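Here's the structure, in structure tokens; my notes come after.
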Amino acid sequence: MPTDVPSPFVRPYRPADRDAVADTCVRTAHNGGDSRDLYPDLRLMPALFAEPYCHFDPDLAFVLDDGAGRAVGYVVGTADTERFVRDFRRTWIPRMADRYPAPTAPPRTPSEEMIGLLHRPERMLLPELAAYPAHLHIDLLPAWQRRGHGRRLMGALLNALSQQGVPAVHLGMVTVNTAARAFYDRVGFHEIPVRDPGPLTYLGRSTTDG
């Protein structure tokens, strides 16, 4: 007898999704692959790249539900990067400081490098990105990639940003992650020249075109 197979779908983030979103972040945080060997504290990468967005901008957080209630991918963002940085400095860092105190010496490990980033949210404020006030992060577990789900997640966020009157959005991606770059190219992003971008490439697009 045939059985119904649940269909995955995009829906708004719920607080109950926190652990699944964190797990997806960890399993995709190293150039799109599993980061657990590189960053053994499994709360570190979500504390930088997922949880603060769900905290400050829950209306701009969406997940891919596997059809059985589990989030297997997500897109998170903020409509106003300058405001997000202020909130991060004022509210988020104090929440994290006991677990991740501010560095007092140059980083010696990848985790210490990330903790340094946590304490420098102003790094997100680049003059070349001023015309793209929103920014985002998107991740899918490998089994759910290359099936059109990333495009649907991106569409949900772009629509939400457009409804808030935000004209354009940007993201920073690790340049060596060529698979991610191919995806962003397909969904309409273009490169934004940034002086001294380091290991990142910055991409942007309108929230409405395409």
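Being a predicted model, the structure only gives us computed values, none of them experimental.
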| ring-ring contact (aromatic ring centres under 6.0 Å, His included) partners of H30, counting only residues at least two apart | none

| query | If you take all heavy atoms of L157 and L60, which pair is closest and at what distance? | reply | CD1-O, 3.5 Å

| field | For Y132, side chain to side chain donor-acceptor pair (under 3.5 Å) partners two or more places apart | value | H190

| Closest non-hydrogen atom pair between P6 and A68, with its separation | CB-N, 4.4 Å

| What residues form a salt bridge (Lys or Arg N to Asp or Glu O under 4.0 Å) with E82, not counting sequence neighbours? | none

| remark: So the ring pair (Phe, Tyr, Trp, His ring centres under 6.0 Å) pairs with at least one residue in residues 93-118 (sequence neighbours excluded) are none

| Do H119 and I93 touch side chain to side chain, with heavy atoms closer than 4.5 Å? | yes

| message | Checking T175 now: which residues fulfil side chain to side chain contact (heavy atoms under 4.5 Å, CB included) with it, not counting sequence neighbours? | response | T201

| message | Pairing donors with acceptors under 3.5 angstrom, does anything connect the side chains of T78 and R83? | response | yes

| query | Can you list the residues that meet the salt bridge (Lys or Arg N to Asp or Glu O under 4.0 Å) rule with R89, with sequence neighbours excluded? | reply | E122

| query | Does the R205 side chain pair with the main chain of A168, one donor and one acceptor, at a distance under 3.5 Å? | reply | no

| message | Test of understanding: with salt bridge (Lys or Arg N to Asp or Glu O under 4.0 Å), list the residues that count as partners of R18, not counting sequence neighbours. | response | E51

| task | Name all residues meeting the salt bridge (Lys or Arg N to Asp or Glu O under 4.0 Å) criterion together with D65; count only those two or more places apart in sequence or in a different chain, and write none if there are none. | result | R11

| Is any side-chain heavy atom of L140 closer than 4.5 Å to a side-chain heavy atom of T28? | no

| Can the ring centroids of F88 and F56 be said to lie less than 6.0 angstrom from one another? | no

| For R195, what residues pass the side chain to side chain donor-acceptor pair (under 3.5 Å) criterion, not counting sequence neighbours? | none

| query | Side chains of F84 and M124: does their closest heavy-atom pair fall under 4.5 Å? | reply | yes

| Mind checking whether P40 and S111 have side chains closer than 4.5 Å, heavy atoms only? | yes

| request: Would you name the heavy atoms of Y202 and L200 that are closest together and state the gap between them? | output: OH-CD1, 3.4 Å

| Check: P133 and D80 side chains under 4.5 Å, non-hydrogen atoms | no

| task | Decide yes or no for H55 and D87: does some side-chain heavy atom of the first lie under 4.5 Å from some side-chain heavy atom of the second? | result | no

| Taking R70 as the fixed residue, which of L64, T24, V63, D23 is the one that meets the side-chain contact (heavy atoms from CB on, under 4.5 Å) rule? | D23

| query | If only atom types and distance count, is the side chain of S35 paired as donor or acceptor with the main-chain N or O of V26 below 3.5 Å? | reply | yes

| Which atom pair, heavy atoms only, marks the closest approach of V166 to A79? | CG2-CB, 3.7 Å

| Side chain of R181, backbone of V176: donor and acceptor closer than 3.5 Å? | no

| request: Kindly write out the residues that satisfy side chain to side chain donor-acceptor pair (under 3.5 Å) with R120, not counting sequence neighbours, or none if the list is empty. | output: none

| Close side-chain approach of Y74 to L153, heavy-atom, < 4.5 Å | no

| request: Could you list the residues that satisfy side chain to side chain contact (heavy atoms under 4.5 Å, CB included) with E113, not counting sequence neighbours? | output: P107

| query | Counting only N and O atoms by type, is there a donor-acceptor contact under 3.5 Å from the side chain of D17 to the main-chain atoms of V21? | reply | no

| remark: For F189, the ring-ring contact (aromatic ring centres under 6.0 Å, His included) test, sequence neighbours excluded, returns Y184

| query | If two hydrophobic side chains count as joined below 4.5 Å and joins carry through other members, does I115 share a cluster with L48? | reply | yes

| query | In terms of ring plane angle, is the pair Y53 and H135 parallel, tilted or perpendicular, where the classes change at 30° and 60°? | reply | perpendicular

| Do V76 and F62 come close enough that some side-chain heavy atom pair is under 4.5 Å? | no

